[in-house]
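Lettering of chains follows the sequences in order, A, B, ..., and the numbering in each one begins at 1. Excluded from the calculations below are hydrogen atoms, water molecules and symmetry mates; all remaining heavy atoms, backbone and side chain alike, are included.
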Number of protein chains: 2
Amino acid sequence: MHDRPVRHPTIKDVALVAGVSPSTVGRVIGGYGYTSAESQQRVLAAMRQLGYEPNAVARSLKSKRTRTIGYLLPRVTNPFFAQIAEGLQDVASAHGYSVILCSTDMKMERTSEFGRVLLEHRVDGIVLSLPGDDSVFKLAASFTDRGLPVVVCHGSRRIHGVDRVISDHMHGGYLAAKHLINMGHERIGVLAVKGSTTSSLILDGCRKALKDAGVDFPAQLTVEIASFSEDAGCSGARVLLMRGCDPTAIIASNDLIALGALGVLEEAGLNVPADMSVIGFDNTFAAHTRPRLTTIGISTYQAGLIAAQLLLDRIEDNYRGEAREVVLPVELVVRGSVAPPRRGS
Amino acid sequence: MHDRPVRHPTIKDVALVAGVSPSTVGRVIGGYGYTSAESQQRVLAAMRQLGYEPNAVARSLKSKRTRTIGYLLPRVTNPFFAQIAEGLQDVASAHGYSVILCSTDMKMERTSEFGRVLLEHRVDGIVLSLPGDDSVFKLAASFTDRGLPVVVCHGSRRIHGVDRVISDHMHGGYLAAKHLINMGHERIGVLAVKGSTTSSLILDGCRKALKDAGVDFPAQLTVEIASFSEDAGCSGARVLLMRGCDPTAIIASNDLIALGALGVLEEAGLNVPADMSVIGFDNTFAAHTRPRLTTIGISTYQAGLIAAQLLLDRIEDNYRGEAREVVLPVELVVRGSVAPPRRGS
DNA sequence: ATGAAAGCGCTAACAA
DNA sequence: TTGTTAGCGCTTTCAT
């Protein structure tokens with residue numbers, strides 16, 4: 001119980017036990033240089049006997065590489081980012097890298113604090129999934145200035161000189177609107193998050209689909225909401241219902257928002273999809289709602305994998321060209337929240 | 001663009017610019033020993049001028065503390081663990097610690113690999129949220145053997161000499177069953193995960209409530225399922241329906257399982273809660289389903305906070321006594337998936 | 001109040 | 001093939 005930290009055996013201890021010099025031990029462990037079969041056996045035996053674990057800290061000090069990457073995100077509890085994190089981590093650990101989690105809770109102060117810590121820890125690279133306000137640019141600069149590779153994975157706008165993985169949100173918006181139009185809808189409300197690049201791309205997509213179909217899209221049908229949250233979805237849906245523009249369908253900027261809308265519609269005595277169709281976005285919660293949400297599927301896990309890959313390319317110096325941009329395809333996932341509009345409405 | 005890693009300024013560079021010795025710079029940064037106001041000013045100015053960031057790696061090598069903790073969990077994409085992670089990280093970062101995320105995907109091999117990496121990285125402590133099979137004991141021992149503090153946060157059984165934070169699952173089972181009994185239910189099916197301590201505690205709680213009420217609880221009403229997943233919930237619900245024991249309510253071992261059951265019931269043409277009541281467990285998805293799930297609320301975020309606190313106590317040597325166990329209270333969260341059983345059924 | 005110097009554990013250039 | 005040595009950036013003891 002009262003076992004105070006046992007000193008870890010060092011390369012020197014191993015050398016002593018094996019009866020060779022520390023550098024020979026180093027060579028065996030590192031697998032470089034020449035070592036006789038005999039030395040190898042003895043070193044290996046000594047390592048096992050002592051339970052030797054190489055000290056990554058000392059190694060990093062020497063090599064100036066920590067085999068550690070930082071992931072800055074709004075909140076891990078949002079499945080969208082958790083899935084990215086999972087992807088990141090899978091690739092990272094397959095390459096012997098560890099991931100430091102930095103869930104910023106969208107607080108500016110915490111974010112820059114995390115930035116400082118990551119810098120001090122001398123991480124080898126950073127993945128960013130943060131909303132695209134100006135502070136992100138400064139943050140990213142604080143990394144790139146020091147030659148640290150950065151990859152943006154969803155969230156912010158393009159940052160000069162930084163690799164980026166995103167999804168084709170505009171096409172997502174297009175697909176959603178198209179689907180509704182095909183079902184016969186003509187008055188489609190959109191819940192868009194104010195200041196969000198993602199939302200404005202979705203809107204662009206919707207506009208294109210509506211224009212292609214020759215359907216009108218008055219400004220009234222777009223409601224600006226404060227955030228990508230269920231609460232914001234509630235308020236947004238209420239506003240939309242009260243505007244009197246009489247929509248027969250709603251496109252939300254993410255599933256959480258759609259969830260809020262679903263609740264409000266239920267309260268209002270409207271049946272989904274009979275009285276009102278709803279389309280979500282991102283496919284995080286869509287399978288779990290009732291009715292199940294028709295939504296736009298985003299390959300978040302995949303995005304995480306690719307982001308890690310791009311980052312490792314830079315870290316291991318396998319790529320040093322211009323900033324790359326990977327745009328992942330999205331897909332319409334049809335479930336049960338869309339139906340043709342009621343006749344005469 | 002082609003900015004290859006710029007060398008970080010060191011304490012020596014700062015010393016040179018400030019016109020003092022490296023040790024003086026060290027004293028100013030570390031805030032120990034004596035330094036004249038004048039030196040302080042010059043050092044601070046030099047630091048700012050050079051954009052100096054202390055090197056945590058070098059610091060750790062010297063101090064033998066990395067201010068880093070590891071979190072081993074099954075999957076970040078499970079909100080239950082994501083919430084714990086969030087809590088952990090909040091406390092950790094408030095104390096200047098970073099969290100290394102180790103999402104094991106429940107693969108034994110990956111788990112021990114992560115263990116090795118954490119050991120090599122010389123983390124100061126470890127939080128474990130892993131299922132309680134025998135491998136966890138070995139894993140935990142590999143840490144404690146080296147004097148590394150470990151805290152278990154949900155998941156496994158008690159590990160000798162290791163602090164632990166859990167929730168009162170048994171009482172949760174009791175509350176769930178009691179609630180159903182109060183509504184008039186007498187044949188309550190339980191979906192229990194095979195080999196899970198949590199599930200067996202929930203079962204114990206149910207048994208107690210049923211016994212208190214003098215209600216029979218034949219073995220048939222308990223279905224063993226393979227995992228805490230939606231799929232397992234589906235299969236479990238199907239089995240339960242086919243057994244002919246005619247339950248009027250179901251208690252699931254977590255919300256995800258309940259979700260699966262909800263789907264199966266819907267397919268079977270059964271209305272929830274009119275034809276069948278359902279109670280979830282853990283309150284991760286409950287608010288988002290339709291009907292909204294009545295469930296047992298677990299304070300996961302809180303658990304993360306406390307786990308981090310216990311761990312930091314050990315790390316900073318503020319506590320060195322016997323293993324502690326914190327049992328968090330649970331609560332019944334009433335939503336819309338429970339109603340009295342149909343008359344005559 | 002400040003500087004010089006040793007050493008944390010490892011790597012790597014050089015010597016033997 | 002192996003050993004010796006210097007040094008990564010920082011902390012800290014010991015002199016000054």
How is A/T10 classified with respect to the nucleic acid when contacts are heavy atoms under 4.0 Å: base, sugar-phosphate, or nothing? sugar-phosphate
I want to confirm an ordering. Mapping A/I11 and B/V20 to their closest nucleotides on DNA chain C, which one lands closer to the 5' end? B/V20
Can you tell me the distance, in whole Å, between the CZ atom of B/R65 and the P atom of D/dT11? 13 Å
Nearest whole Å is fine: how far is C/dC8 P from B/N55 CG? 18 Å
Separation of C/dC8 atom C1' from A/H8 atom NE2, nearest Å, is 13 Å
Heavy-atom check, side chain of A/T10 versus side chain of A/N55, under 4.5 Å: no
Going by modelled atom types, is there a donor-acceptor pair between the base of D/dT2 and the side chain of A/S39 at under 3.5 Å? no
What is the separation between atom CG on A/L61 and atom C1' on D/dA6, rounded to the nearest whole Å? 13 Å
Whether the side chain of B/R27 and the base of C/dG3 hold a donor-acceptor pair under 3.5 Å is what I'd like checked. yes
Name the nucleic acid region contacted by B/S23, choosing base, sugar-phosphate or nothing; use a 4.0 angstrom heavy-atom cut-off, strictly under. base
Counting any heavy atom closer than 4.0 Å, what does A/S63 reach on the DNA or RNA strands: base, sugar-phosphate only, or nothing? nothing
For D/dT16 and B/Y34 - does any side-chain N or O of the residue sit under 4.0 Å from the phosphate oxygens OP1/OP2? no
Between D/dT1, C/dC10, C/dA4, which nucleotide has the shortest distance from any of its atoms to the side chain of A/K62? C/dC10
Spacing between A/E38 atom CD and D/dG3 atom P, to the nearest angstrom: 11 Å
Mind checking whether A/D313 and A/R324 have side chains closer than 4.5 Å, heavy atoms only? yes
Below 4.0 angstrom from OP1 or OP2 of D/dG9, is there any side-chain N or O of B/R59? no
Could you check how far CZ of B/R42 sits from C1' of C/dT2, rounded to whole Å? 13 Å
Does D/dT2 have its OP1 or OP2 closer than 4.0 Å to a side-chain nitrogen or oxygen of A/S36? yes
Is there a side-chain contact between B/R65 and B/E316 in this structure, where contact means two heavy atoms from C-beta onward sitting under 4.5 Å apart? yes
In short, B/L305 meets B/G87 closest at the heavy-atom pair CD2-O, 3.4 Å
Look at A/Y32 and C/dA13 and indicate whether a side-chain polar atom (N or O) is within less than 4.0 Å of OP1 or OP2. no
Does any part of the side chain of B/R122, heavy atoms only, come nearer than 4.5 Å to the side chain of A/E53, both counted from C-beta? yes
Any N or O donor-acceptor pair linking the side chain of B/R122 to the base of C/dG9 at under 3.5 Å? no
Within less than 4.0 Å of OP1 or OP2 of C/dG3, is there a side-chain N or O belonging to B/T24? yes
Once you round it to whole Å, what is the distance between C1' of D/dT11 and NZ of B/K12? 15 Å
State whether a side-chain donor-acceptor pair under 3.5 Å links A/S98 with B/H121. yes
Give the rounded distance in Å between these two atoms: CZ of B/R7 and C1' of D/dG7. 13 Å
